Amino acid sequence: MQELISRAKELLADNTVARVLGWRAGDLPYNPEAAYFETPESLDEFVYDGFCGANLSKMMIEASKLEGKTLVCLKPCDTYSFNQLIKEHRVDREKAYIIGVGCKGKLDVEKLRKMGIKGIQKITGAKLTDDCENLEIETIYGSKTVSYKDAMLERCHVCKGKEHMIYDEIIGESKDTKDADRFAEVERIEAMSPKERFEFFQKELSKCIRCNACRNACPACSCRRCVFDSTKFDSAQKANVDDFEEKMFHIIRAFHVAGRCTDCGECSRVCPQGIPLHLFNRKFIKDIDQFYGEYQAGADAESKGPLTSFTFEDVEPGIVAERG
Amino acid sequence: MYKIKKENLKALFQMISEKQDLILPVKKAEQTNFALWTEDADVDLTTLKTVKSGKDAFFPQSETLYTCVRDGKKLSVEPEALREHPFVVFGMKACDVKGVEVLDKVFLSDPVDTFYAARREHGTIVAMACHEPEESCFCKVFGTDAADPVADVAVWMIGEELFWKAVTEKGNALTESVKELLQDADAADEEAVSKEKEAIRTIIEKLPYTHLSLEGWDGNATEEKFNSPVWNELYKPCLACGTCTFVCPTCQCYDIKDYDTGHGVKRYRCWDSCMYSDFTLMAGGNNRTTQLQRFRQRFMHKLVYFPANNDGMYSCVGCGRCVEKCPEALNIVKVIKAFEKQGGEKA
Amino acid sequence: MQRIGVFVCHCGTNIAATVDVKKVVEMAKMEPGVVHAEDYQYMCSEAGQSKIINAIKEKHLTGVVVCSCSPRMHEATFRKAAEKAGLNPYMVEIANIREHCSWIHKDMEEATKKAVILARAAIAKVNLDAPLQPGESQVTKRALVIGGGIAGIQSALDIADAGYEVDIVEKLPSIGGRMSQLDKTFPTLDCSACILTPKMVEAAAHEKINIYTYSEVEKVSGFVGDFTVDIRKKARSVDMSKCTGCGVCSQKCPSKKIPNEFNRGLNNRSAIYIPFAQAIPNVPVIDRENCIKFKTGKCGACAKNCAAGAIDYEQQDEIVTKKYGAIVVATGFDVIKLDQYDEYAYSQSKDVITSLELERLMNAAGPTKGHLERLSDGKAPKNIVFVQCVGSRCSDNRGKSYCSKICCMYTAKHAMLIRDKYPDTNVTVFYIDVRTPGKNFDEFYRRAVEEYGVNYIKGQVGKVIPQPDGTLMVQASDLLDNKQILMEADMVVLAAAIEPNKDVRKIATMLTASIDTNNFLTEAHAKLRPVESPTAGIFLSGVCQGPKDIPETVAQAGAAAVKAIGLLAKDKLTTNPCTAKADPLACNGCSQCMNVCPYGAISYEDVQVNDHGVRETRRVAVVNNALCQGCGACTVTCPSGAMDLQGFSNRQIIAEVDAICR
Amino acid sequence: MSIEAKEEFRPKIVAFCCNWCSYAGADLAGSSRLVYPADVKIIRVPCSCRVNPMFILRAFEKGADGVILCGCHPGDCHYTTGNYYARRRMTLLFSMLDFIGVENGRTRVEWVSAAEGVKFSQTMNEFVEKIHSLGKNVRLEDIRCRN
């Protein structure tokens, strides 16, 4: 982190960049927030640790409109989103100075809460310079040691790898934290009967409060005006009127990002109701891989997406019924 | 005071729900929210904070106001019936109850919101003391005592028993209706409850936000706070999602919309969020066009405008849900602290 | 709110017999926006149209719904009527209660219910209609004819005679097509070459006609009035401007064992060759696959012997890109492959031949110089059996379901010619039915039976068995006498089914012209627009549209030409106003729509916007209305719904869905 | 409306037909008097690629029991490539609907040319039969006042 701060100060000082987009230390051990730093002094509040899960690429849409370059800290998986945004002309590569920051997996405080940990006062072991094997947590109700892995966000268990897809320089070490099959959960659901699947999603989606956090956090959902906020499709934004409508919102959202979603996992991370929204995106990704060949959105900034291209021999929609 | 063994709670819930609807924290797909009790509901009284507060019981996320039915070229209007069936909300915390007090200020003052008033009239609140308060809690800042909730009935969950104290007339009536399941509490029980209260208060003193200062936040601070440059940076990570407003026990803004049923229209209202770009959008445009303005609106409303109109009452109760749920780790505490810090720097 | 008039057509009894039109009127009156509804016997009639016109004027209608036949039939009619009354023609919607309702449902109550719903959907759509203004596009005054057979030649000549430039693209080295392979033509027995050659010469000599032989259409873009076509001129390896057509090269060519396609492979040709004597252009082509020079680098005999120095081994394929206003497809036909019909021993015996091969055997310029002889031993056949409907009118999937139409007549011709020239030859024809509709056709067939003694047997041939002595044993059934026949023959002639040229699918795809399951091009209307493709600016000439004989082909070629001329005569076309349109305030500038646009109609511009007080420069999509054809691919690709299709807007389609589902 | 005999299930079926092939195919089915159930209601769209997944979901939301999309055969699209995009979109959408437990028989894509009146009618007969076998689509619950 210190290296990152010093480098940022240098770049600010020599006017290479006009501002730094990173994280500011929070007032609890686990709640840093995304922030801009415009002076070297302000960087004293800069923090980068296991709780800096937010994907900052989407903020570069606004930052691209500002005067001068913005130094942005992107984790390996964030760089996929950035590439995809370049492809869609939503960010300006020339306005970004990308520091690829190291990542050893990002943490989910909800996971700690699920373990019954509450009254958190201090957490050690979450710095990038730590070995990130265990977390020591002090709480009002006593101390606990938790395996780092057990507190990781879902997305880190299916890590896309420690390589940055786009960057100007890299600071800090990364670790491939993958220890699960990306499609295992999708496959588990596919194996259920239609009735079980319906019930599973009904149960999950009935929790949805239409806060739109999933959409607003999603780097692929970069629409200036979402269809669900406009009258273009006569679609509701603020409340679901019937249970199909709440499904419709999530299906359409996943459909609109199909072939563009990099599987960054922000949707599931931000959902206040813990709905595994990434399952929708993964399902599309799995189908795309299977039907049209493996495709990773954001691996580059040029290729045509799977839904804006085709081959003469594509499978017919009937495959869905045939597959059973 | 009465008591009941934890193992008999199911029988208690059963008995309540025979005559009334019973709404209480139920775990579904790993999340706990207030929901209607059913035989097979996974009741969860240990999770301190339900994701959404219990305000839905009185002010649902969406509700029909009236229905227009079209028959040929004739239209008829059928107003939605007001709540008449009694119900019990079980397991609200002191802060949530305080939240209802805030809502009362809005919906029960003139002009009275009849839908809300009917629910308030027919609803009985059983509030539960907070056994183990958490780091995001700051109810004490707003004068709430989490150890001794003020509602129709107050309950404490200690060990294998639940202690029950009726506070109001409604509370007495409810107590009467389930009395056969309740045992009288003795002096030792009273002692246990006092100890529990003490323990809760001790923990609360240790919580990081308990001593948050609200100095400078009152109904007279409009100009100073509104024009502060602090907002310029503060709002930036805000996603403009509605999480904070939808989990908040006091947010009361709603939108009114029409749903085309194919044979007419249902006019319904649903929660709105001041974080949304079309909040208060009118035919002539929007008076808040930037996220900065919308973000500022939320906190100014909670800490300045509301107290200005309601004898100094804040419309934040310190439940800490926004602290836990904001996807970008922004919240009202950070706002208050940012102003405090800026003030300190100035001085 | 619109003021909508609903007009329900009885279509005589076509609709009114199954749909209670009064009820539809009554129900329509209940719908929002409807201020007028009435029914009439024939809405498309003059009187019906004036009802619409009067109602628009009197009731100040802003939208019209006509419940009638398919919009493909009368949408244009009713739009014109609306226009006459001063209403924007795009404020008219059709509820198809005939093809999609009264004609397919029997129960009156059910059909009426459905008609009401269809009307309701159309009313819902009109409620959201907006007036549209068509634009204009230029017409390139030149036609392209694909295929240089009699159909293509005739179309080209007719268009050229009207004063427009025409290009013919023929993939073979010479124009002439199937007709040039025929010997005589029914029912007049004219010599095919004698009547075709003058046409070929006329086409070649016509100052308005430009012929690209040994060339293929490679790419087509654009739309009616303004097609851009890439034509691949395959390397002929002979300089057309130098060649005198003397033919010495072919004589000197050492590679002479190549099956002669023109003679259906019944004899051989050299690697450098002119396909037939009357070929146009009379210039040889080197078949590079079989040329020793191209295969080994050695030889060069043709170049050495060419006095004109016309041989050019270095010649390359050339792509010519030209613009056309209209395209006539005249790709013709071939006979089917017979590998599915092994029972006729076609692959086992040289003496089992197809009728087209017989044409070549009987032609004086053919492999036997016109002597009818067995290909196995050169002897004159004494007993010839004709088998009809080989692969035609098939109910299984071995052959074609349709009647090839020409076989009955050419078989009668063949039988007659053989009996005429070789009276001691016995000719037997096995048929399922003899179909002879056409001027002088039945008379012709009867002459074959009555005057020439051709033995017609109604029945099917089950099997042809080659015998050790070289003869053929024919097993057949006689359906009229109800008996099995075993018959000795020394030649069997199969009337193989005809099918569209195998390249037509590729061409249809390039033209976006629709095609049926048999690969025949689809006409815009089976009866009323038989020579037009549903794709504007594409016209159909000859067998590519369906089986037909020479006079029919020539007639259709002329008709296609007239349609093309009608198009070329216009200076400008009005364009379809149902084009895509981007809302600059909702557009993300993400380029996804551009990626799926088949016409390159979408580009991006940086524009200044005022988005509810936020002023900024944004990259937004802009649609070129002249290029956009209104498919709507972009509208679905656009996640924000910024891109919408005028006339078929998102909200309109949703309104229709709602109206149907409610 | 009280003591009526239990009504026979009449499914609501929306058929999106492209203007150039399938709508014409449906016209041909009509002019050839090829009967199919009146439950099918056709919406004309310029091309199968005009059909937004939202239209299909909307139909289900409003109570449709089945939705079928008909377009030109691949390779025959009037606009060259529209049905190829539609094919990918619908494959993914149908797969997703199946994933969330909507029976996969309720959605279908069929390529019907202008000459295939018989196929159009057959397809509609088959589809209606299929929907009959699946029964009524899950009635959508009004969740506005769920709590």
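Naming: A, B, ... by sequence-line order, numbering from 1 per chain. What you see is a predicted model, and the numbers here were worked out from it, not measured in a lab. Scope of the values below: all heavy atoms of this structure, side chains included, with no hydrogens, waters or symmetry mates.
- Residues of residues 115-127 of chain D lying under 4.5 angstrom from chain C, judged on non-hydrogen atoms, are D:A115, D:E116 by number.
- With a threshold of 4.5 angstrom between heavy atoms, C:F223 does not approach chain D through any atom at all.
- The pair C:D658-D:K12 fails the salt-bridge criterion, with no side-chain N (NZ, NE, NH1 or NH2) lying under 4.0 Å from an Asp/Glu carboxylate O.
- Here the CZ atom belonging to D:F55 is positioned 4.5 Å from the CG atom belonging to C:N650, to the nearest 0.5 angstrom.
- Atom-to-atom distance recorded for D:Y23:OH and C:H100:NE2 is 4.5 Å, nearest 0.5 angstrom.
- Taking C:A508, C:A122, C:C69, C:G630 one by one and counting their heavy-atom pairs under 4.5 Å with chain D, the maximum is reached by C:G630.
- Rounded to the nearest 0.5 angstrom, D:W20 CH2 and C:S533 OG are separated by 9.0 Å.
- Evaluation of the salt bridge (charged side-chain N to carboxylate O under 4.0 Å, His left out) rule for D:R44 yields C:E75 as partners, not counting sequence neighbours.
- With a 4.5 angstrom heavy-atom cutoff, C:I117 touches chain D only via side-chain atoms.
- Between C:I653 and D:V45, some side-chain heavy-atom pair lies under the 4.5 Å cut-off.
- We find the CD1-NZ distance between C:I654 and D:K62 to be 9.5 Å, quoted to the nearest 0.5 Å.
- With a threshold of 4.5 angstrom between heavy atoms, C:K106 approaches chain D through side-chain atoms but not through N, CA, C or O.
- Contact record, C:I104 with D:V35: O-CG1, 3.4 Å, taken as the closest heavy-atom pair.
- The shortest distance between side-chain heavy atoms of D:C49 and C:V636 does not fall below 4.5 Å.
- Of the options D:I56, D:I43, D:L57, a side chain to side chain contact (heavy atoms under 4.5 Å, CB included) to C:V657 is made by D:I43 and by none of the others.
- Considering SG of C:C101 and CD1 of D:I42, their distance stands at 10.0 Å, rounded to 0.5 Å.
- Considering only heavy-atom pairs separated by less than 4.5 Å from chain D, the leading option among C:N96, C:V596, C:T637 is C:V596.
- Heavy-atom distances place the backbone of D:V51, and not its side chain, under 4.5 Å from chain C.
- Atoms SG and CD1, from D:C21 and C:I515 in turn, are 10.5 Å apart once rounded to the nearest 0.5 Å.
- Ionic pairing of C:E110 and D:R10 is present here: one or more N-O contacts between side-chain nitrogen and carboxylate oxygen are shorter than 4.0 angstrom.
- Contact of C:R98 with chain D is not made at all, since no heavy-atom distance falls under 4.5 Å.
- Annotation: maximal heavy-atom pairing with chain D below 4.5 Å, among C:L118, C:T522, C:D516, C:L645, occurs at C:L645.
- In this structure, chain D has a heavy atom under 4.5 Å from the side chain of C:D644, while its backbone stays farther away.
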